[in-house]
Number of protein chains: 2
Amino acid sequence: MPRKGEIKRQQIVSTANELFYQRGFHQTSLADIADACGIPKGNFYFYFKTRDDILNAVVDGREERLKARLEGWEKKYADPLHRLVRMSEIIVRDWAEIVRFGCPMGTLALELSKQDDEPRQHALGQFELIVAWAQAQFAALLGPRDALTLARQMLLRMQGAAVLANAFSDETWLFEEQRAIAAWLEAMVPDRTHKE
Amino acid sequence: MPRKGEIKRQQIVSTANELFYQRGFHQTSLADIADACGIPKGNFYFYFKTRDDILNAVVDGREERLKARLEGWEKKYADPLHRLVRMSEIIVRDWAEIVRFGCPMGTLALELSKQDDEPRQHALGQFELIVAWAQAQFAALLGPRDALTLARQMLLRMQGAAVLANAFSDETWLFEEQRAIAAWLEAMVPDRTHKE
DNA sequence: GTCTATAGACAGATAGAC
DNA sequence: GTCTATCTGTCTATAGAC
(Lines give C-alpha, C1' and ligand atoms only; values in the text may rest on other atoms or scores of the structure.)
Protein backbone atom coordinates (compact mmCIF):
# COMPACT_ATOMS: atom_id res chain seq x y z
CA MET A 1 0.00 0.00 0.00
CA PRO A 2 1.46 3.36 -1.02
CA ARG A 3 2.16 6.15 1.39
CA LYS A 4 -0.77 8.40 0.49
CA GLY A 5 -3.28 5.67 1.18
CA GLU A 6 -1.72 4.91 4.53
CA ILE A 7 -1.94 8.53 5.59
CA LYS A 8 -5.60 8.72 4.67
CA ARG A 9 -6.27 5.46 6.43
CA GLN A 10 -4.69 6.79 9.58
CA GLN A 11 -6.74 9.95 9.24
CA ILE A 12 -9.94 7.95 9.09
CA VAL A 13 -8.96 5.91 12.12
CA SER A 14 -8.03 9.00 14.08
CA THR A 15 -11.28 10.75 13.26
CA ALA A 16 -13.31 7.65 14.01
CA ASN A 17 -11.48 7.29 17.31
CA GLU A 18 -12.62 10.71 18.44
CA LEU A 19 -16.16 10.35 17.19
CA PHE A 20 -16.62 6.89 18.71
CA TYR A 21 -15.50 8.34 22.00
CA GLN A 22 -17.56 11.49 21.90
CA ARG A 23 -20.78 10.17 20.41
CA GLY A 24 -20.51 6.45 20.98
CA PHE A 25 -19.92 3.75 18.42
CA HIS A 26 -23.52 2.98 17.57
CA GLN A 27 -24.41 6.64 17.28
CA THR A 28 -21.61 7.38 14.85
CA SER A 29 -22.49 6.65 11.24
CA LEU A 30 -20.07 6.31 8.38
CA ALA A 31 -21.46 9.55 7.02
CA ASP A 32 -20.46 11.28 10.26
CA ILE A 33 -16.90 10.08 9.91
CA ALA A 34 -16.84 10.93 6.24
CA ASP A 35 -18.04 14.47 6.88
CA ALA A 36 -15.59 14.95 9.73
CA CYS A 37 -12.55 14.07 7.64
CA GLY A 38 -13.83 15.36 4.33
CA ILE A 39 -13.85 12.24 2.25
CA PRO A 40 -16.79 10.75 0.34
CA LYS A 41 -18.44 7.88 2.14
CA GLY A 42 -17.96 5.65 -0.84
CA ASN A 43 -14.24 5.65 -0.22
CA PHE A 44 -14.50 3.78 3.03
CA TYR A 45 -14.68 0.40 1.51
CA PHE A 46 -11.36 0.89 -0.15
CA TYR A 47 -9.74 1.07 3.27
CA PHE A 48 -12.05 -1.02 5.42
CA LYS A 49 -14.26 -3.98 4.61
CA THR A 50 -16.90 -3.11 7.18
CA ARG A 51 -17.72 -0.69 9.94
CA ASP A 52 -16.49 -3.16 12.53
CA ASP A 53 -13.12 -3.12 10.82
CA ILE A 54 -12.82 0.58 11.53
CA LEU A 55 -13.64 -0.12 15.14
CA ASN A 56 -10.96 -2.78 15.30
CA ALA A 57 -8.42 -0.36 13.89
CA VAL A 58 -9.49 2.23 16.46
CA VAL A 59 -9.12 -0.28 19.28
CA ASP A 60 -5.69 -1.29 18.02
CA GLY A 61 -4.60 2.33 18.15
CA ARG A 62 -5.92 2.81 21.64
CA GLU A 63 -4.19 -0.33 22.81
CA GLU A 64 -0.89 0.83 21.43
CA ARG A 65 -1.13 4.18 23.12
CA LEU A 66 -2.10 2.53 26.38
CA LYS A 67 0.92 0.25 26.23
CA ALA A 68 3.16 3.22 25.62
CA ARG A 69 1.59 5.01 28.55
CA LEU A 70 2.11 2.12 30.93
CA GLU A 71 5.69 1.68 29.82
CA GLY A 72 6.23 5.38 30.27
CA TRP A 73 5.13 5.17 33.88
CA GLU A 74 7.41 2.26 34.50
CA LYS A 75 10.36 4.24 33.23
CA LYS A 76 9.45 7.43 35.01
CA TYR A 77 8.63 5.96 38.42
CA ALA A 78 10.79 3.28 39.97
CA ASP A 79 8.49 2.77 42.96
CA PRO A 80 5.40 0.61 42.28
CA LEU A 81 3.49 2.76 44.72
CA HIS A 82 4.25 5.87 42.72
CA ARG A 83 3.23 4.10 39.57
CA LEU A 84 -0.13 3.15 40.99
CA VAL A 85 -0.75 6.61 42.36
CA ARG A 86 0.10 7.99 38.96
CA MET A 87 -2.38 5.64 37.39
CA SER A 88 -5.11 6.80 39.75
CA GLU A 89 -4.41 10.35 38.68
CA ILE A 90 -5.64 9.87 35.15
CA ILE A 91 -9.19 10.38 36.37
CA VAL A 92 -8.33 13.84 37.64
CA ARG A 93 -6.00 14.82 34.82
CA ASP A 94 -8.59 13.94 32.20
CA TRP A 95 -11.57 14.95 34.31
CA ALA A 96 -13.12 17.27 31.76
CA GLU A 97 -13.24 14.68 29.03
CA ILE A 98 -14.44 11.98 31.39
CA VAL A 99 -17.26 14.16 32.66
CA ARG A 100 -18.38 14.85 29.10
CA PHE A 101 -17.80 11.52 27.44
CA GLY A 102 -16.96 8.98 30.13
CA CYS A 103 -13.99 6.62 30.20
CA PRO A 104 -13.05 5.69 26.63
CA MET A 105 -12.55 2.04 27.51
CA GLY A 106 -15.54 1.74 29.81
CA THR A 107 -18.08 3.34 27.53
CA LEU A 108 -16.95 1.31 24.56
CA ALA A 109 -16.89 -1.95 26.48
CA LEU A 110 -20.35 -1.28 27.85
CA GLU A 111 -21.69 -0.39 24.44
CA LEU A 112 -20.35 -3.55 22.89
CA SER A 113 -21.28 -5.80 25.79
CA LYS A 114 -24.91 -5.91 24.73
CA GLN A 115 -24.36 -7.48 21.36
CA ASP A 116 -21.27 -7.82 19.24
CA ASP A 117 -18.89 -10.64 19.89
CA GLU A 118 -15.81 -10.20 17.80
CA PRO A 119 -15.09 -6.53 18.49
CA ARG A 120 -16.19 -7.02 22.07
CA GLN A 121 -13.40 -9.37 23.02
CA HIS A 122 -11.01 -7.13 21.19
CA ALA A 123 -12.03 -4.06 23.19
CA LEU A 124 -11.44 -5.95 26.42
CA GLY A 125 -7.75 -6.11 25.63
CA GLN A 126 -7.17 -2.69 27.10
CA PHE A 127 -8.75 -3.61 30.39
CA GLU A 128 -6.67 -6.74 30.52
CA LEU A 129 -3.52 -4.76 29.94
CA ILE A 130 -4.32 -2.43 32.80
CA VAL A 131 -5.26 -5.18 35.21
CA ALA A 132 -2.09 -7.10 34.42
CA TRP A 133 0.02 -4.01 34.82
CA ALA A 134 -1.57 -3.00 38.10
CA GLN A 135 -1.34 -6.56 39.33
CA ALA A 136 2.39 -6.53 38.67
CA GLN A 137 2.75 -3.31 40.66
CA PHE A 138 0.80 -4.65 43.60
CA ALA A 139 2.79 -7.86 43.49
CA ALA A 140 6.03 -5.92 43.61
CA LEU A 141 4.67 -3.91 46.50
CA LEU A 142 2.99 -6.52 48.68
CA GLY A 143 3.69 -9.89 47.18
CA PRO A 144 1.63 -11.87 44.70
CA ARG A 145 -1.01 -13.04 47.18
CA ASP A 146 -3.73 -10.42 46.76
CA ALA A 147 -2.26 -8.59 43.83
CA LEU A 148 -4.98 -9.53 41.36
CA THR A 149 -7.81 -8.67 43.72
CA LEU A 150 -6.26 -5.32 44.54
CA ALA A 151 -5.62 -4.54 40.90
CA ARG A 152 -9.20 -5.30 40.05
CA GLN A 153 -10.45 -3.22 42.92
CA MET A 154 -8.46 -0.24 41.85
CA LEU A 155 -9.61 -0.41 38.25
CA LEU A 156 -13.16 -0.93 39.40
CA ARG A 157 -13.13 2.17 41.57
CA MET A 158 -11.73 4.33 38.82
CA GLN A 159 -14.29 2.95 36.45
CA GLY A 160 -17.16 3.54 38.83
CA ALA A 161 -16.04 7.11 39.41
CA ALA A 162 -15.89 7.68 35.66
CA VAL A 163 -19.36 6.26 35.07
CA LEU A 164 -20.98 8.39 37.72
CA ALA A 165 -19.06 11.56 36.95
CA ASN A 166 -20.22 11.17 33.38
CA ALA A 167 -23.81 10.33 34.27
CA PHE A 168 -24.10 13.29 36.63
CA SER A 169 -21.82 15.63 34.67
CA ASP A 170 -20.06 16.23 37.95
CA GLU A 171 -16.31 15.99 38.37
CA THR A 172 -16.56 15.75 42.16
CA TRP A 173 -16.89 11.99 41.82
CA LEU A 174 -13.49 11.86 40.15
CA PHE A 175 -11.60 14.14 42.50
CA GLU A 176 -12.95 12.60 45.68
CA GLU A 177 -12.34 9.08 44.51
CA GLN A 178 -8.82 9.77 43.35
CA ARG A 179 -7.96 11.10 46.79
CA ALA A 180 -9.57 8.08 48.39
CA ILE A 181 -7.64 5.70 46.16
CA ALA A 182 -4.35 7.46 46.83
CA ALA A 183 -4.97 7.31 50.58
CA TRP A 184 -5.92 3.65 50.28
CA LEU A 185 -2.73 2.90 48.37
CA GLU A 186 -0.46 4.73 50.76
CA ALA A 187 -2.08 3.10 53.77
CA MET A 188 -0.89 -0.23 52.40
CA VAL A 189 2.73 0.76 52.80
CA PRO A 190 2.75 2.87 55.95
CA ASP A 191 6.52 3.04 56.21
CA ARG A 192 6.86 5.13 53.07
CA THR A 193 5.97 8.67 52.22
CA HIS A 194 4.76 9.39 48.75
CA LYS A 195 6.10 12.50 47.11
CA GLU A 196 5.36 13.76 43.59
CA MET B 1 -59.01 5.67 30.24
CA PRO B 2 -60.82 2.38 30.67
CA ARG B 3 -59.32 -0.76 32.02
CA LYS B 4 -58.44 -2.65 28.85
CA GLY B 5 -56.26 0.08 27.46
CA GLU B 6 -54.43 0.50 30.71
CA ILE B 7 -53.56 -3.18 30.83
CA LYS B 8 -52.11 -3.13 27.35
CA ARG B 9 -50.23 0.02 28.12
CA GLN B 10 -48.65 -1.63 31.11
CA GLN B 11 -47.82 -4.63 28.99
CA ILE B 12 -45.97 -2.47 26.51
CA VAL B 13 -44.06 -0.71 29.28
CA SER B 14 -43.14 -4.00 30.88
CA THR B 15 -41.91 -5.50 27.63
CA ALA B 16 -40.00 -2.34 26.75
CA ASN B 17 -38.42 -2.37 30.20
CA GLU B 18 -36.96 -5.81 29.65
CA LEU B 19 -35.83 -5.14 26.11
CA PHE B 20 -34.21 -1.82 26.98
CA TYR B 21 -32.30 -3.59 29.69
CA GLN B 22 -31.28 -6.61 27.68
CA ARG B 23 -30.48 -4.98 24.35
CA GLY B 24 -30.06 -1.36 25.27
CA PHE B 25 -32.35 1.53 24.46
CA HIS B 26 -30.85 2.55 21.15
CA GLN B 27 -30.69 -1.02 19.93
CA THR B 28 -34.35 -1.68 20.64
CA SER B 29 -36.68 -0.57 17.88
CA LEU B 30 -40.42 -0.16 18.11
CA ALA B 31 -40.72 -3.18 15.87
CA ASP B 32 -38.78 -5.21 18.43
CA ILE B 33 -41.18 -4.21 21.18
CA ALA B 34 -44.15 -4.77 18.93
CA ASP B 35 -43.02 -8.27 18.03
CA ALA B 36 -42.25 -9.11 21.64
CA CYS B 37 -45.71 -8.24 22.90
CA GLY B 38 -47.62 -9.09 19.74
CA ILE B 39 -49.15 -5.79 18.78
CA PRO B 40 -48.81 -3.92 15.48
CA LYS B 41 -46.41 -1.00 15.50
CA GLY B 42 -49.05 1.41 14.33
CA ASN B 43 -50.77 0.92 17.62
CA PHE B 44 -47.94 2.40 19.64
CA TYR B 45 -48.87 5.92 18.92
CA PHE B 46 -52.23 5.44 20.48
CA TYR B 47 -50.53 4.87 23.80
CA PHE B 48 -47.36 6.91 23.46
CA LYS B 49 -46.60 10.06 21.56
CA THR B 50 -43.01 9.12 20.85
CA ARG B 51 -40.38 6.52 21.57
CA ASP B 52 -38.93 8.66 24.32
CA ASP B 53 -42.32 8.57 26.01
CA ILE B 54 -42.02 4.82 26.33
CA LEU B 55 -38.60 5.29 27.88
CA ASN B 56 -40.01 7.78 30.34
CA ALA B 57 -42.72 5.35 31.32
CA VAL B 58 -40.11 2.64 31.77
CA VAL B 59 -37.98 4.89 33.95
CA ASP B 60 -41.01 5.84 36.02
CA GLY B 61 -41.70 2.20 36.67
CA ARG B 62 -38.12 1.48 37.66
CA GLU B 63 -38.09 4.44 39.99
CA GLU B 64 -41.25 3.25 41.70
CA ARG B 65 -39.86 -0.22 42.25
CA LEU B 66 -36.61 1.21 43.55
CA LYS B 67 -38.46 3.35 46.06
CA ALA B 68 -40.41 0.35 47.24
CA ARG B 69 -37.18 -1.59 47.58
CA LEU B 70 -35.49 1.07 49.67
CA GLU B 71 -38.51 1.44 51.90
CA GLY B 72 -38.63 -2.30 52.30
CA TRP B 73 -35.07 -2.33 53.58
CA GLU B 74 -35.83 0.42 56.02
CA LYS B 75 -38.69 -1.58 57.44
CA LYS B 76 -36.84 -4.85 57.53
CA TYR B 77 -33.58 -3.64 59.03
CA ALA B 78 -33.54 -1.19 61.89
CA ASP B 79 -29.76 -0.83 61.90
CA PRO B 80 -28.35 1.50 59.19
CA LEU B 81 -25.32 -0.76 58.95
CA HIS B 82 -27.51 -3.73 58.11
CA ARG B 83 -29.34 -1.67 55.54
CA LEU B 84 -26.14 -0.69 53.81
CA VAL B 85 -24.82 -4.21 53.85
CA ARG B 86 -28.10 -5.34 52.36
CA MET B 87 -27.77 -2.77 49.64
CA SER B 88 -24.29 -4.02 48.77
CA GLU B 89 -25.72 -7.48 48.39
CA ILE B 90 -27.78 -6.65 45.33
CA ILE B 91 -24.70 -7.10 43.20
CA VAL B 92 -24.34 -10.68 44.35
CA ARG B 93 -28.04 -11.52 44.43
CA ASP B 94 -28.53 -10.31 40.88
CA TRP B 95 -25.11 -11.36 39.68
CA ALA B 96 -26.31 -13.42 36.73
CA GLU B 97 -28.30 -10.58 35.19
CA ILE B 98 -25.59 -8.05 35.89
CA VAL B 99 -22.98 -10.21 34.21
CA ARG B 100 -25.16 -10.55 31.14
CA PHE B 101 -26.68 -7.11 30.86
CA GLY B 102 -24.97 -4.85 33.37
CA CYS B 103 -26.58 -2.65 35.98
CA PRO B 104 -29.96 -1.46 34.66
CA MET B 105 -29.42 2.07 35.90
CA GLY B 106 -25.79 2.31 34.93
CA THR B 107 -26.14 1.04 31.39
CA LEU B 108 -29.11 3.26 30.69
CA ALA B 109 -27.47 6.34 32.19
CA LEU B 110 -24.35 5.72 30.18
CA GLU B 111 -26.31 5.20 27.00
CA LEU B 112 -28.23 8.42 27.44
CA SER B 113 -25.26 10.44 28.64
CA LYS B 114 -23.91 10.80 25.12
CA GLN B 115 -26.86 12.60 23.68
CA ASP B 116 -30.40 12.97 24.91
CA ASP B 117 -31.22 15.62 27.42
CA GLU B 118 -34.76 15.24 28.60
CA PRO B 119 -34.78 11.47 29.26
CA ARG B 120 -31.23 11.70 30.55
CA GLN B 121 -32.06 13.83 33.55
CA HIS B 122 -35.04 11.65 34.16
CA ALA B 123 -32.95 8.50 34.26
CA LEU B 124 -30.62 10.06 36.82
CA GLY B 125 -33.45 10.14 39.31
CA GLN B 126 -32.79 6.57 40.35
CA PHE B 127 -29.16 7.28 41.15
CA GLU B 128 -30.18 10.31 43.15
CA LEU B 129 -32.62 8.24 45.14
CA ILE B 130 -29.95 5.72 46.02
CA VAL B 131 -27.34 8.29 46.93
CA ALA B 132 -29.79 10.15 49.15
CA TRP B 133 -30.88 6.94 50.82
CA ALA B 134 -27.34 5.73 51.44
CA GLN B 135 -26.34 9.17 52.64
CA ALA B 136 -29.12 9.04 55.23
CA GLN B 137 -27.89 5.66 56.43
CA PHE B 138 -24.31 6.83 56.75
CA ALA B 139 -25.46 9.95 58.53
CA ALA B 140 -27.40 7.86 61.02
CA LEU B 141 -24.35 5.69 61.50
CA LEU B 142 -21.49 8.18 61.68
CA GLY B 143 -23.00 11.64 61.62
CA PRO B 144 -23.62 13.91 58.67
CA ARG B 145 -20.02 14.98 58.15
CA ASP B 146 -18.82 12.51 55.51
CA ALA B 147 -22.14 10.87 54.77
CA LEU B 148 -22.43 12.12 51.19
CA THR B 149 -18.87 11.20 50.29
CA LEU B 150 -19.28 7.72 51.72
CA ALA B 151 -22.61 7.21 49.99
CA ARG B 152 -21.10 8.20 46.67
CA GLN B 153 -18.15 5.95 47.22
CA MET B 154 -20.32 2.98 47.95
CA LEU B 155 -22.49 3.50 44.88
CA LEU B 156 -19.42 4.07 42.78
CA ARG B 157 -17.83 0.80 43.84
CA MET B 158 -20.95 -1.18 43.13
CA GLN B 159 -21.25 0.50 39.78
CA GLY B 160 -17.65 -0.18 38.87
CA ALA B 161 -18.01 -3.82 39.81
CA ALA B 162 -21.11 -4.08 37.64
CA VAL B 163 -19.44 -2.47 34.65
CA LEU B 164 -16.44 -4.75 34.77
CA ALA B 165 -18.34 -7.92 35.56
CA ASN B 166 -20.47 -7.17 32.55
CA ALA B 167 -17.58 -6.26 30.29
CA PHE B 168 -15.64 -9.40 31.22
CA SER B 169 -18.67 -11.64 31.66
CA ASP B 170 -17.13 -12.60 34.97
CA GLU B 171 -19.05 -12.55 38.24
CA THR B 172 -15.87 -12.62 40.32
CA TRP B 173 -15.79 -8.85 40.16
CA LEU B 174 -19.16 -8.71 41.89
CA PHE B 175 -18.51 -11.26 44.61
CA GLU B 176 -15.10 -9.95 45.56
CA GLU B 177 -16.24 -6.37 45.65
CA GLN B 178 -19.32 -7.10 47.72
CA ARG B 179 -17.14 -8.74 50.34
CA ALA B 180 -14.77 -5.80 50.26
CA ILE B 181 -17.62 -3.33 50.67
CA ALA B 182 -19.13 -5.27 53.55
CA ALA B 183 -15.76 -5.40 55.31
CA TRP B 184 -15.27 -1.70 54.68
CA LEU B 185 -18.68 -0.93 56.14
CA GLU B 186 -18.22 -3.03 59.22
CA ALA B 187 -14.78 -1.61 59.87
CA MET B 188 -16.45 1.78 60.25
CA VAL B 189 -18.34 0.62 63.33
CA PRO B 190 -15.93 -1.73 65.06
CA ASP B 191 -17.99 -2.05 68.23
CA ARG B 192 -20.78 -3.92 66.48
CA THR B 193 -21.09 -7.34 64.98
CA HIS B 194 -23.13 -7.75 61.90
CA LYS B 195 -25.39 -10.73 61.70
CA GLU B 196 -27.84 -11.64 58.97
C1' DG C 1 -73.15 8.19 16.58
C1' DT C 2 -69.28 8.38 19.41
C1' DC C 3 -65.54 6.76 22.11
C1' DT C 4 -61.92 3.35 22.67
C1' DA C 5 -58.95 0.53 20.58
C1' DT C 6 -56.99 -2.03 16.61
C1' DA C 7 -54.75 -2.70 12.26
C1' DG C 8 -51.59 -2.01 8.72
C1' DA C 9 -50.08 0.67 4.91
C1' DC C 10 -47.29 4.60 4.00
C1' DA C 11 -43.98 8.63 4.05
C1' DG C 12 -39.54 10.60 4.88
C1' DA C 13 -35.12 10.06 6.61
C1' DT C 14 -31.07 7.58 7.24
C1' DA C 15 -28.32 3.49 7.90
C1' DG C 16 -24.55 0.27 6.02
C1' DA C 17 -22.67 -1.72 2.03
C1' DC C 18 -20.68 -1.94 -2.56
C1' DG D 1 -23.58 7.81 -6.04
C1' DT D 2 -26.73 3.99 -5.74
C1' DC D 3 -29.11 0.26 -3.61
C1' DT D 4 -31.64 -1.92 -0.13
C1' DA D 5 -33.05 -2.37 4.53
C1' DT D 6 -34.85 -0.35 8.46
C1' DC D 7 -36.21 3.20 11.54
C1' DT D 8 -39.62 6.59 13.58
C1' DG D 9 -43.76 8.57 13.09
C1' DT D 10 -48.36 9.47 10.46
C1' DC D 11 -52.50 8.46 8.22
C1' DT D 12 -56.67 6.28 7.48
C1' DA D 13 -59.96 2.39 7.71
C1' DT D 14 -62.41 -0.32 10.89
C1' DA D 15 -64.35 -3.02 14.84
C1' DG D 16 -67.10 -3.23 18.95
C1' DA D 17 -69.33 -0.91 23.40
C1' DC D 18 -72.44 2.12 25.20
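Every chain is numbered from 1, with letters handed out A, B, ... down the list of sequences.
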Novice: For the pair made of NE2 in A:H26 and P in D:dC7, what is the distance, rounded to whole Å?
Specialist: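 Distance, rounded to whole Å: 14 Å.
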Novice: Dump the pairs, protein N or O against N or O of nucleotides 15-18 of chain D, anything under 3.5 Å, distances to one decimal.
Specialist:
none

Novice: Check for me, please, whether B:I181 and B:L156 land in the same ILVMFWY cluster - side-chain distances under 4.5 Å, paths through other members count.
Specialist: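 Yes, same cluster.
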Novice: Would you kindly give the OH-to-C1' distance between B:Y47 and D:dT8, to the nearest whole Å?
Specialist: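 Checked: the OH to C1' distance equals 19 Å.
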Novice: For B:Q27 and D:dC7, give me the distance from atom CD to atom P, rounded to whole Å.
Specialist: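 Rounded to the whole Å, the gap is 11 Å.
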Novice: Would you kindly confirm whether B:I54 and B:V13 end up in one hydrophobic cluster when ILVMFWY residues are joined by side chain heavy atoms under 4.5 Å apart?
Specialist: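 Cluster IDs for B:I54 and B:V13 match.
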Novice: Which sits closer to the 5' end of DNA chain C, B:P40 or A:T28, going by the nucleotide each is nearest to?
Specialist: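 Closest to the 5' end, via its nearest nucleotide, is B:P40.
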Novice: Show which side-chain atoms of residues 124-147 of chain B pair as donor or acceptor with protein atoms under 3.5 Å away, not counting sequence neighbours.
Specialist:
residue : atom : partner : partner atom : Å
B:W133  : NE1  : B:E74   : OE2          : 2.9
B:Q137  : OE1  : B:R83   : NH1          : 2.9
B:Q137  : NE2  : B:W133  : O            : 3.3

Novice: Less than 4.0 Å between a side-chain N and a carboxylate O, is that true for B:D170 and A:R152?
Specialist: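 B:D170 and A:R152: salt-bridged.
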Novice: Using distance alone, with no hydrogens and no angle criterion, decide if B:R100 and B:N166 have a side-chain donor and acceptor under 3.5 Å apart.
Specialist: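 On atom types as modelled, these side chains do not qualify, holding no pair under 3.5 Å.
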Novice: Between B:F48 (CZ) and D:dT10 (P), how many Å, whole number?
Specialist: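 Going from B:F48 (CZ) to D:dT10 (P), I get 15 Å.
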Novice: Between A:G42 and A:D32, which is nearer to the 5' end of DNA chain C once each is assigned its nearest nucleotide?
Specialist: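 The residue whose closest nucleotide sits nearer the 5' end is A:D32.
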Novice: Is it true that A:R69 and A:D94 have a side-chain N and a carboxylate O under 4.0 angstrom from each other?
Specialist: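 A salt bridge is present here (some side-chain N lies under 4.0 Å from a carboxylate O).
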Novice: OP1 or OP2 of D:dG9 sitting under 4.0 Å from any side-chain N/O of B:T50?
Specialist: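 Answer is yes, contact under 4.0 Å.
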Novice: Ignoring backbone atoms, test whether B:Y45 places a side-chain nitrogen or oxygen under 4.0 Å from the OP1 or OP2 oxygen of D:dG9.
Specialist: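 So the side-chain polar atoms of B:Y45 do come within 4.0 Å of the phosphate oxygens OP1 or OP2 of D:dG9, strictly under.
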Novice: Should B:W95 and B:M154 be regarded as members of a common hydrophobic cluster, given that ILVMFWY residues are connected when their side-chain heavy atoms come within less than 4.5 Å of each other, either directly or indirectly?
Specialist: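 They do share one cluster, since a chain of ILVMFWY contacts under 4.5 Å joins B:W95 to B:M154.
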Novice: Could you tell me how far apart B:N43 (CG) and D:dA13 (P) are, to the nearest whole angstrom?
Specialist: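 Spelled out: CG on B:N43 to P on D:dA13 is 17 Å.
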Novice: Just the rounded figure in Å: distance from C1' of D:dG1 to CG of A:D35.
Specialist: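 My rounded result for the distance is 15 Å.
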Novice: Closer than 4.0 Å, any side-chain N/O of B:K8 to the OP1 or OP2 of C:dT6?
Specialist: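 Indeed, a polar side-chain atom of B:K8 lies that close.
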Novice: Grab the CZ-P distance between B:F44 and C:dT6 for me, whole Å please.
Specialist: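 After rounding, the reported distance stands at 12 Å.
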Novice: Output the single nucleotide from C:dA15, D:dG9, C:dT4 whose closest atom is nearest the side chain of B:F46.
Specialist: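 Nucleotide nearest to B:F46's side chain: C:dT4.
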Novice: Using whole Å, what does the distance between atom P of nucleotide C:dA15 and atom NZ of A:K41 come to?
Specialist: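 Roughly 9 Å, once rounded to whole Å.
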